[in-house]
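See structure below.
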Amino acid sequence: MDSTISSSASLSIPKFRCFDPTYAYSPTAANHRRSFSNFSPTFKSSSRVNMVDIENYERKIVTGDAGYVLEDVPHLSDYIPDLPVYFESNEVYACIVTCGGLCPGLNTVIREIVCGLHYMYGVNNVLGIEGGYRGFYARNTIPLTPKVVNDIHKRGGTILGTSRGGHDTSKIVDSIQDRGINQVYIIGGDGTQKGASVIFEEIRRRGLKVAVARIPKTIDNDIPVIDKSFGFDTAVEEAQRAINAAHVESESFDNCIGVVKLMGRYSGFIAMYATLASRDVDCCLIPESPFYLEGPGGLFEFIEKRLNEQGHMVIVIAEGAGQDLLNECMRTMDQQDASGNKLLQDVGLWISQKIKVMALHAYALLPVVFTVTDIEQNV
Ligand SMILES: Nc1ncnc2c1ncn2[C@@H]1O[C@H](COP(=O)(O)OP(=O)(O)O)[C@@H](O)[C@H]1O
Ligand SMILES: O=P(O)(O)OC[C@H]1O[C@](O)(COP(=O)(O)O)[C@@H](O)[C@@H]1O
């Protein structure tokens, strides 16, 4: 810490403490103060822990000479000081695994876990499990130290690799048990989280002293309880490069339409945010909002209007949009990936073809339609 910063609170080395939610407590509005708005329990007298006197509690404020005020992140033990220590740092053997789809920032998360464990908690044994869940029993492992992870946040993807499918609960927990791992950090999307729950249940069933920490990942930013998921901003930023390319191209030819297909299997946040940020998009199609092609109010009518008005346009489409229309006309078999996720039809190519055929038949117009698909999400 900067030596010019003075602290009114003593900063102690954090410990791996255990909070048993079965301890009785009841939050009361009377004890709410602004700084404790997220967590201000009042423990009943029967509680087995001693609670800090919240009214007289000295807030963790760190002031700097430059005039700024930093409020240190409150820790559970600030409010419940005698929580039992669950792991001593020197007995921790942690592992990290990344599973499922890629997302920008995975390496940053890995780096922060390794450095946080090492520098904040004094943990020196952290293992990287390679290749997703199946890596527990079928792949190599790598020791992770602050030195190993020093530069990884500058790389795309995940240094540990990832995979779909291959979740064998019993083999995974065998591997955790055999290796003597007692903290498991699992980074991944909804499929990964379901897998982590099953692992935790099996660990509990076997009575092992192993903690399972789940780090939610979604490039789509569609987890309502968090402000923003890591990687979303990068995806939106990258999406704008594709939109910009489509705009430049479409402006350069008569009746040219740029179609940009973006990520978004079930939600259109990336498409919408990128559209709003770019100001060059004429139409944004997302899974949450059904659309149709022909007739009044249909997409084709809008395309004709925009081409008449300005001679070019950009359409952004999230990959999950219009899947019902595709399925109707393609009658394809339901296909799944190795994790059981439904594989989508390519809506970008489909809509480009539809627009070409429509324009040729209805308006004797041959628009130049080109598609920018699958922008790099692995930044
Ligand atoms: N219901 C489930 N039970 C156990 N494991 C699951 C379940 N669903 C998915 N998984 C496992 O989680 C991993 C990642 O899931 P996947 O759906 O591919 O990606 P994501 O986590 O990004 O949604 C895969 O190894 C898969 O086998
Ligand atoms: O091409 P893949 O790997 O199947 O993944 C595509 C899908 O995964 C997503 O990127 C979302 O996955 P996450 O929410 O797990 O990050 C969707 O936007 C996209 O539809």
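Note that ligands are numbered from 1 as they come in the structure, with each ligand's atoms numbered from 1 the same way.
Of the N or O atoms in Gly165, one or more lie within a sub-3.5 Å distance of an N or O in ligand 1. The shortest N or O to N or O distance between Asp337 and ligand 2 is not under 3.5 Å. At a 3.5 angstrom cut-off on N or O pairs, Asp190 counts as close to ligand 1. Distances between N or O atoms of Gly191 and those of ligand 1 include at least one value under 3.5 Å. Distances between N or O atoms of Leu102 and those of ligand 2 include no value under 3.5 Å.
Annotation: atom 4 (C) of ligand 1 to nearest protein heavy atom, Gly195 CA, 3.4 Å. Closest to atom 26 (C) of ligand 1, if we only count protein heavy atoms, is Ser339 OG, 3.5 Å.
Residue contacts with ligand 2: Gly100 is excluded, as none of its non-hydrogen atoms falls under 4.0 Å.
Applying the 4.0 Å criterion to heavy atoms of Lys217 picks out, from ligand 1, the atoms 22 (O). Under a 4.0 Å criterion applied to the non-hydrogen atoms of Gly101, ligand 1 contributes the atoms 19 (O), 22 (O). Contact atoms of ligand 1 toward Arg164: 16 (P), 18 (O), 19 (O), 25 (O) (distance under 4.0 Å to a heavy atom of the residue). Each of the following atoms of ligand 2 lies closer than 4.0 Å to a heavy atom of Ile219: 10 (O), 11 (C), 13 (P), 14 (O), 16 (O). Per-residue contacts place Glu319 under 4.0 angstrom from the following atoms of ligand 2 (heavy atoms of the residue considered): 6 (C), 7 (C), 19 (C), 20 (O). Of all the atoms in ligand 2, the ones that sit under 4.0 Å from a non-hydrogen atom of Lys217 are 13 (P), 15 (O), 16 (O). Heavy-atom contacts of Asn341 reach the following atoms of ligand 1: 16 (P), 17 (O), 18 (O) (cutoff under 4.0 Å). Below 4.0 Å from some heavy atom of Arg164 lie the following atoms of ligand 2, by number and element: 2 (P), 3 (O), 4 (O), 5 (O). Close contacts between ligand 1 and Gly189 involve ligand atoms 20 (P), 21 (O), 22 (O), 23 (O) [criterion: under 4.0 Å to a heavy atom].
Few gaps surround CZ on Arg179; more than 12 heavy atoms of other groups in view lie less than 6.0 Å from it. Within 6.0 Å of atom CD in Glu237, 12 or fewer heavy atoms from other residues, nucleotides or ligands are found, so the atom counts as exposed in its surroundings.
For Tyr121 and Phe87, the gap between ring centers reaches or exceeds 6.0 Å.
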Audit row: Ile315, Ile303, side-chain contact (heavy atoms from CB on, under 4.5 Å) steps and yes/no: CA-CA 9 Å; Ile315 298 174; Ile303 290 175; 4.0 Å; yes

side-chain contact (heavy atoms from CB on, under 4.5 Å) assessment of Phe200 paired with Arg214: CA-CA 10 Å; Phe200 173 71; Arg214 309 193 298 181; over 6 Å; no

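Here the rule is side-chain contact (heavy atoms from CB on, under 4.5 Å) with Ile176, and of Ile199, Ile129, Val212 only Ile199 fits it. Under the side-chain contact (heavy atoms from CB on, under 4.5 Å) rule, Trp350 has a single partner from Leu325, Ile355, Ile317, which is Leu325.
The option from Val97, Thr98, Thr192 that lies nearest to atom 21 (O) of ligand 1, judged by heavy atoms, is Thr192. Among Ile223, Thr218, Asn341, Asp220, the residue whose heavy atom sits closest to atom 11 (C) of ligand 2 is Asp220. Of the options His167, Arg265, Arg134, Lys194, the smallest heavy-atom separation from atom 1 (N) of ligand 1 is shown by Lys194.
Classification of Glu202 and Arg206 as a salt-bridged pair holds, one side-chain N sitting under 4.0 Å from a carboxylate O. A salt bridge links Asp233 with Lys228: at least one charged nitrogen is closer than 4.0 Å to a carboxylate oxygen.
Cation-pi check for Lys171 over Tyr133 is not met; the charged atom does not lie both under 6.0 angstrom from the ring centroid and within 45 degrees of its normal.
How far CD1 of Ile223 is from CD of Gln193: 7.5 Å, rounded to the nearest 0.5 Å.
Remark: side-chain polar atoms of His167 are paired, donor with acceptor, to backbone N or O of Gly195 under 3.5 angstrom.
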